[in-house]
Number of protein chains: 2
Amino acid sequence: MTVREIKEKLKNADLKITPQRLAILEAIYKLNNHPTADNIIDYIKETHPSVAVGTVYKVLDALVENHLIKKVKTENNVTHYDGIIYNHHHLYCSESDRIEDYMDEELDELLEKYFSNKGIKNFNIEEIKLQINGRFKKRGGIKK
Amino acid sequence: MTVREIKEKLKNADLKITPQRLAILEAIYKLNNHPTADNIIDYIKETHPSVAVGTVYKVLDALVENHLIKKVKTENNVTHYDGIIYNHHHLYCSESDRIEDYMDEELDELLEKYFSNKGIKNFNIEEIKLQINGRFKKRGGIKK
DNA sequence: TCTCAATTAAGAATTATTCTCCTTTAGGTA
DNA sequence: TACCTAAAGGAGAATAATTCTTAATTGAGA
């Protein structure tokens, strides 16, 4: 995702293009791992050493409100952010805080069809996401 | 859920049966709305006015660790707890913090079958929960 | 280039949770 | 039934994550 594209996103969302906002949004795209505010601050501090913590929270809120990013539901007492705003699912590691995206169009269609037929009483569905809990297999190294 | 049954659960989980633990676990079952620690404290303060906040957090942690309750994934910066520990799904209201349980055995079987066939590369699935975002229809009152 | 509403910086305040230390108690054992 | 002690709880301080306030800076429209 180029700076140009990020500027375009901010512009389309009617948000002023500021260096802080560019840096924060770019951090989310580059990290691509559902970072926390603290992760983002750590990431941008090299190129933007004087961005205030309060600014980061304020910018993150603005990005969420303007549908450029989303908050991720977790059991943590810390907010994680997602740069992917189209619907998808998440793999949650039961051993760590790792969260991975999971895209599966076949599954999406299945769920769409299922709930079109069935529906949920007294509830208007807006979005269906899977929370898939489990363990990531280790990459390389000694097999356990 | 009777006090007797709750005592049984604590005993089976190898947890000492204390008045605080009984009160907190009963609160979760009675409230039955994915309460926060603060909700629970408010609920039990009438019958147990001197239970310490730190105790509540400690007891909740013990109940989670011993699989008597579960934490609910949310975007809030506050932990919600669930008294239902068998697998089920959640309806999340996009307008409030309301979270409702959603059980659907047909759906469970569908998902089970789907992922048995498909699987997820480099990931061992332990549990699949649906996060269904939407709006609850208003009960009674003027139609909007 | 100028202007100003919007944004940011800085740091204080708030909220939710965790930690520490001392007191109390659940329940096992004799 | 009484005793004992490891475990649990109370109280309050500490920590961490986020929000708020005020003054300074700035993006972008005119």
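Scope of the values below: all heavy atoms of this structure, side chains included, with no hydrogens, waters or symmetry mates. In what follows, chains are A, B, ... by sequence order, proteins preceding strands, each numbered from 1.
OP1 and OP2 of C/dA16 both lie 4.0 Å or more from every side-chain N or O belonging to A/Asn77.
Side-chain polar atoms of B/His88 and B/Asp82 form a donor-acceptor pair below 3.5 angstrom. Remark: the A/Asp97 side chain and the A/His34 side chain contain no N/O donor-acceptor pair separated by less than 3.5 Å. Side-chain atoms of B/Ser94 and A/Glu126 form a donor-acceptor pair, as typed in the model, at a separation below 3.5 Å.
Nucleotides of DNA chain D lying under 4.0 Å from heavy atoms of chain A occupy a range whose first and last members, 5' to 3', are D/dA17 to D/dA28.
With a 6.0 Å cutoff to the six-membered ring centre and a 45° limit on the axis angle, B/Lys137 does not count as a cation-pi contact of A/Phe123.
Annotation: side-chain contact (heavy atoms from CB on, under 4.5 Å) contacts of A/Asp108 (sequence neighbours excluded): A/His89.
Near DNA chain D, meaning a heavy atom under 4.0 Å from it, residues 43-56 of chain B has B/Ser50, B/Val51, B/Ala52, B/Thr55 in order of number.
If you measure from atom CG of A/Leu22 to atom P of C/dT7, you get 14 Å, rounded to the nearest angstrom.
Nearest heavy-atom pair, B/Leu60 versus B/Ala37, reported as atom, atom and distance to 0.1 Å: CD1-CB, 4.0 Å.
Taking the screw axis at each terminus of the helix from C/dT1-D/dA30 to C/dA30-D/dT1 from five consecutive base pairs, the angle between the two is 40° to within rounding of 10 degrees.
Using a 4.0 Å cut-off between charged nitrogen and carboxylate oxygen, A/Glu100 and A/Arg98 count as a salt-bridge pair.
Among residues at least two apart or in separate chains, salt bridge (charged side-chain N to carboxylate O under 4.0 Å, His left out) pairs with a member in residues 53-70 of chain A are A/Lys70-A/Glu127.
Nucleic acid contact class of B/Asp61 (heavy atoms, under 4.0 Å, all strands): sugar-phosphate only. Residue-level contact check: B/Lys58 touches neither bases nor backbone, having no heavy atom under 4.0 Å from any strand.
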Check nucleotides 25-29 of chain C against the protein and report each pair of N or O atoms closer than 3.5 Å, with its distance, or say if there are none.
residue, atom, partner, partner atom, Å
C/dA26, O3', B/Ile17, O, 3.4
C/dG27, OP1, B/Ile17, N, 2.6

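Linking ILVMFWY side-chain heavy atoms closer than 4.5 Å, directly or via other members, places B/Tyr92 and A/Ile85 in two distinct hydrophobic clusters.
For the atom pair CG (B/Asn76) and CD1 (B/Ile99), the distance works out to 7.0 Å, reported to the nearest 0.5 Å.
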